[in-house]
2 protein chains.
Amino acid sequence: MNQTIRVVLADDHFFVRDGIKSLLESEKNIVVVGEATDGLEALEVVTTTNPDLLIVDIRMPHHTGIEVVEKLRNQNNPVKIIVLSMHESEEYVLKSIKAGADGYLLKGSSKEEFLKALHSVANGGKYFTGDISSILINQLTSSTASTLEPKPVLNEDLTITKREKEILTLLLSGKGNKEIAEALEISKRTAEVHRFNLMKKLKVKNLMELSNKATEYSLI
Amino acid sequence: MNQTIRVVLADDHFFVRDGIKSLLESEKNIVVVGEATDGLEALEVVTTTNPDLLIVDIRMPHHTGIEVVEKLRNQNNPVKIIVLSMHESEEYVLKSIKAGADGYLLKGSSKEEFLKALHSVANGGKYFTGDISSILINQLTSSTASTLEPKPVLNEDLTITKREKEILTLLLSGKGNKEIAEALEISKRTAEVHRFNLMKKLKVKNLMELSNKATEYSLI
DNA sequence: TAAAAAATAAGTACAAATACTTAATTTTTT
DNA sequence: AAAAAATTAAGTATTTGTACTTATTTTTTA
């Protein structure tokens, strides 16, 4: 469980790298296995050293840290990544999350927070510093806010079968019975029956109600 | 700007309150103006002392901390609120956000983080500890994830009229042409025409595609 | 106050969905 | 191996929507 965490540092400033390195190496189960001074080098070093964790600065020559995250994720590289940033920036934070970063720290964070983040990310968790939490909360409370509602659970014995779920998905994507029949290689009449049963089970009387209910109970 | 921050503490454990109090009072521009040992008392003390900030524990007799937040927000009380929790709990975190809390800390947080949270919340910010960031990120990346996508904007000259928007809303709520006609006191044929025009404008060929496109472009 | 845009509504023919029921196969669970 | 559940599919009559076009009346905007 408490194996050595192999880390790569990517930051174009020697002092920053050195600072982080000395901080990390005060911990005995962390070892810095590589360093990079720009985005391209970061990708290279990660590919060759295969570390557990990459700590990457956003502002770097030849690809930003966020681009590095994107590229690694597109390659399905499972390395954990903590993004470092100078200031709170909504754009950077959201882009990092979207790109698939596991953590986000400000350069001003304390040694304790740094290590906490590092360990939780290395263990498969996420750590986005409280300093940027307002950005996350904004995202969550703006928009539909539906995300915050505890999703209602389907009551009692209501069971939607596998096949019905397939039909439901196709229905919600805009397919008609005929298209569904073709897609699943069944008769149009069968598709109709599945649709009918779905509507009966969910007690709805038309497609839109079906769609609404399906979304409400996150059936898809 | 750096005025004294007036704080109320609500926690049913004397030791916790006392610990926080001594921590806070080591800061010179923070003063604890009230304490409460349960939810009801918290509401009372906040109402009478009108503090800048309430630090409230979740688990308390007579209304949980979250219920206290809800009640204060329903009364439009502008007090800033930091919720304290023993452990990371998705349910508690999400409920706190929904109730309108400005911050969320674990009881194990460091003195530094505590004070950082307190100051940023007192200054109108939000502070949700990094320890629970995985919950926030989950919320943001699950669901439609649409929250992270820049919402596409309707192209060019495409204009949906007021009436069409009304029809659209009714359509998406599951109404048929006849029902829409009745609701808007127009002929069923008129409702049909509006629906037809909508579908033509949005280049869709059935209700579900209309629904999907409407959602995608947040037309409703 | 024109001109443009929006809302209203009818007609027609055709396509699709609704609302069931019945029933033969498969597949899954016990 | 039997029972239960799921999938398949057909029949029938009725309702609703599709895909237009044409045209009058209101409302908005220039």
Side-chain angles (χ1 to χ4, degrees), chain A residues 151-220, chain B residues 151-220:
Chain A
K151 46 187 98 171
V153 179
L154 264 198
N155 47 329
E156 340 117 49
D157 45 325
L158 213 167
T159 33
I160 270 92
T161 68
K162 258 213 312 290
R163 201 52 156 176
E164 283 168 346
K165 194 177 269 179
E166 289 186 274
I167 268 91
L168 183 55
T169 309
L170 290 167
L171 277 173
L172 298 200
S173 81
K175 300 280 188 301
N177 286 331
K178 201 163 69 183
E179 295 166 283
I180 293 173
E182 278 161 25
L184 301 180
E185 297 185 86
I186 54 177
S187 142
K188 188 191 155 190
R189 307 311 309 282
T190 308
E192 282 175 28
V193 173
H194 284 305
R195 185 204 200 109
F196 171 73
N197 289 142
L198 268 169
M199 294 181 57
K200 195 171 200 179
K201 279 183 184 174
L202 293 173
K203 298 200 194 71
V204 296
K205 60 180 208 305
N206 59 44
L207 230 207
M208 275 316 306
E209 285 186 8
L210 179 63
S211 162
N212 293 154
K213 205 139 217 172
T215 312
E216 188 185 346
Y217 291 103
S218 37
L219 252 43
I220 24 90
Chain B
K151 47 186 95 169
V153 179
L154 263 200
N155 48 329
E156 340 120 49
D157 44 326
L158 213 167
T159 33
I160 270 93
T161 67
K162 257 210 318 285
R163 200 55 155 176
E164 283 168 347
K165 193 176 270 178
E166 289 186 274
I167 268 92
L168 183 55
T169 309
L170 291 167
L171 278 172
L172 300 199
S173 81
K175 299 282 189 299
N177 286 329
K178 200 163 71 181
E179 293 167 286
I180 293 173
E182 277 162 25
L184 301 180
E185 297 185 88
I186 54 178
S187 143
K188 189 191 156 190
R189 309 311 309 282
T190 307
E192 282 176 28
V193 172
H194 283 306
R195 183 202 201 113
F196 171 74
N197 290 141
L198 267 170
M199 296 182 57
K200 196 171 200 180
K201 280 183 185 174
L202 293 173
K203 298 199 193 70
V204 296
K205 59 180 206 308
N206 59 46
L207 230 206
M208 273 316 305
E209 286 186 8
L210 178 63
S211 162
N212 293 154
K213 205 140 218 173
T215 313
E216 187 184 345
Y217 291 104
S218 37
L219 253 41
I220 23 88

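Fair warning: this is a prediction, and the values are worked out from it, not measured in the lab. Every chain is numbered from 1 and lettered A, B, ... according to where its sequence line falls, protein lines coming before strand lines.
Distance B/Ile160 CD1 to C/dA7 C1': 16 Å, rounded to the nearest Å. If you take CD of A/Glu185 and P of D/dA9, they are 11 Å apart, rounded to a whole angstrom. For A/Leu170 and C/dA17, the CG to C1' distance is 17 Å, given to the nearest whole Å. When the C1' atom of D/dT16 is taken as reference, atom CD of A/Glu209 falls 15 Å away, rounded to whole Å. Taking atom CD on B/Glu192 and atom P on D/dA19, their separation rounds to 12 Å, with Å as the unit. Taking atom NE2 on A/His194 and atom P on C/dT26, their separation rounds to 15 Å, with Å as the unit. Rounded to a whole Å, the CD atom of A/Glu182 is 10 Å from the P atom of C/dA16. Rounded to whole angstrom, the span from the NZ atom of A/Lys205 across to the C1' atom of D/dG17 amounts to 15 Å.
In this structure, A/Asn177 does not reach the C/dA16 phosphate: none of its side-chain N or O atoms is under 4.0 Å from OP1 or OP2. In this model, the phosphate group of C/dA6 is not approached by any side-chain N or O of B/Lys162 to a distance below 4.0 Å at OP1 or OP2. Side-chain N/O atoms of A/Ser187 include one lying less than 4.0 angstrom from OP1 or OP2 on D/dA10. Contact check, A/Lys178 against C/dA16: a side-chain N or O comes under 4.0 Å of OP1 or OP2.
Considering CG of B/Leu172 and CG of B/Leu168, their distance stands at 4.5 Å, rounded to 0.5 Å.
Not one N or O on the side chain of B/Ser211 forms a donor-acceptor pair closer than 3.5 Å with the backbone of B/Leu207.
Nucleic acid contact for B/Thr190: base, since at least one base atom lies under 4.0 Å from a heavy atom of the residue. Here A/Arg189 lies in heavy-atom contact (under 4.0 Å) with a base.
Closest of all the heavy-atom pairs between A/Glu192 and A/Asn177 is CG-ND2, 3.3 Å.
Of all nucleotides present, only D/dA1 satisfies the Watson-Crick or G-U wobble test against C/dT30, with each distance under 3.5 Å.
Of the listed nucleotides (D/dT8, D/dT21, C/dT18), D/dT21 has the atom at the smallest distance from the side chain of B/Phe196. Proximity note for A/Thr161 (side chain, C-beta onward) versus C/dT18, D/dT7, C/dA9: the nearest is D/dT7. Residue B/Arg195 has its side chain nearest to D/dG17 when only D/dG17, C/dA16, D/dA19 are considered.
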- Query: Is there a salt bridge (Lys or Arg N to Asp or Glu O under 4.0 Å) between B/Lys205 and B/Glu209 once you walk through the steps?
  - Reply: CA-CA 7 Å; B/Lys205 59 180 206 308; B/Glu209 286 186 8; 3.0 Å; yes
- Message: If you apply the rule salt bridge (Lys or Arg N to Asp or Glu O under 4.0 Å), what do you find for B/Lys213 with B/Glu216, and how did you get there?
- Response: CA-CA 5 Å; B/Lys213 205 140 218 173; B/Glu216 187 184 345; 5.7 Å; no
